[in-house]
Amino acid sequence: GAVVSQHPSRVICKSGTSVKIECRSLDFQATTMFWYRQFPKKSLMLMATSNEGSKATYEQGVEKDKFLINHASLTLSTLTVTSAHPEDSSFYICSTCRQGWSTEAFFGQGTRLTVV
Amino acid sequence: DAKTTQPNSMESNEEEPVHLPCNHSTISGTDYIHWYRQLPSQGPEYVIHGLTSNVNNRMASLAIAEDRKSSTLILHRATLRDAAVYYCILRDSGGAQKLVFGQGTRLTINP
């Protein structure tokens, strides 16, 4: 069964509104979660690293005020796209892994965001 | 982050073996080699990973060169469901554990 559950799988919103995407770790406590975005026919681009109980670490060029990340518990991280615009339309994917960098990563099923 | 280089695309026939190459000449001694695949409109899925020795699991085999500067993912008997984008990634050994994706190889399987 799924180790990481991401919700919603797809969402359509109007320009200017905010959208929240949830990522849950079902099988273990996740102190760290990763958020990616993916444009059509392109690879995944890491946006930020979400750390439980502390501020997220954003990759260069990613606006932290635009993409709000909250990791309030060991099983839930949320990504909120604020004041969404059509150019924010993308496929957003979360990921986590057990402690230790030799372990495999688990990915959510992704969220298709369309801003109209 | 260490970089990997993969062919943009490959094609194979159903029920034949597939060898997907990956070059990682700047790999460090503690970097693990990970492979993931992504089917259309889905999140990536773990395939296999290794450090120095060749690895086998129910999905695939991973052959790692002796100098660790390259590796090959082997699908022993491809099926149509193996059509996906395959990513070879070096796991960040600096403690952040993040996975940085390259462009991957789009594998097409012909019936």
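Please read these numbers as outputs of a predicted model, since none were measured by experiment. The sequence lines fix the lettering, A, B, ..., with proteins before strands; numbering per chain opens at 1.
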- Message: Side chains of Tyr32(B) and His34(B) only: does a donor on one sit below 3.5 Å from an acceptor on the other?
- Response: no

Checked Glu45(B), Gln103(B), Gln38(B) vs chain A; the most non-hydrogen pairs under 4.5 Å come from Gln38(B)

Applying a strict 4.5 Å limit to non-hydrogen atoms, the region of Leu44(A) in contact with chain B is both

Max heavy-atom pairs within cutoff under 4.5 Å with chain B, candidates Pro40(A), Ser43(A), Ser9(A), goes to Ser43(A)

Bottom line for Gln38(A): the part with an atom under 4.5 Å from chain B's heavy atoms is side chain

Honestly, the part of Phe106(A) sitting under 4.5 Å from a heavy atom of chain B is neither

query = Would a 4.5 Å heavy-atom cut-off, applied to side chains only, mark Val3(A) and Phe28(A) as touching?
reply = yes

Check your understanding: With a 4.0 Å cut-off, would you call Arg68(B) and Asp31(B) a salt bridge?
Key -> no

- Message: Less than 4.5 Å apart, side chain to side chain, heavy atoms only: is that true for Asn70(A) and Thr80(A)?
- Response: no

Notebook entry, point to check: Under 3.5 Å, is there a donor-acceptor pair linking the side chains of Asn23(B) and Ser70(B)?
Noted result: no

Turns out that what part of Arg10(A) lies under 4.5 Å from chain B's heavy atoms comes down to neither

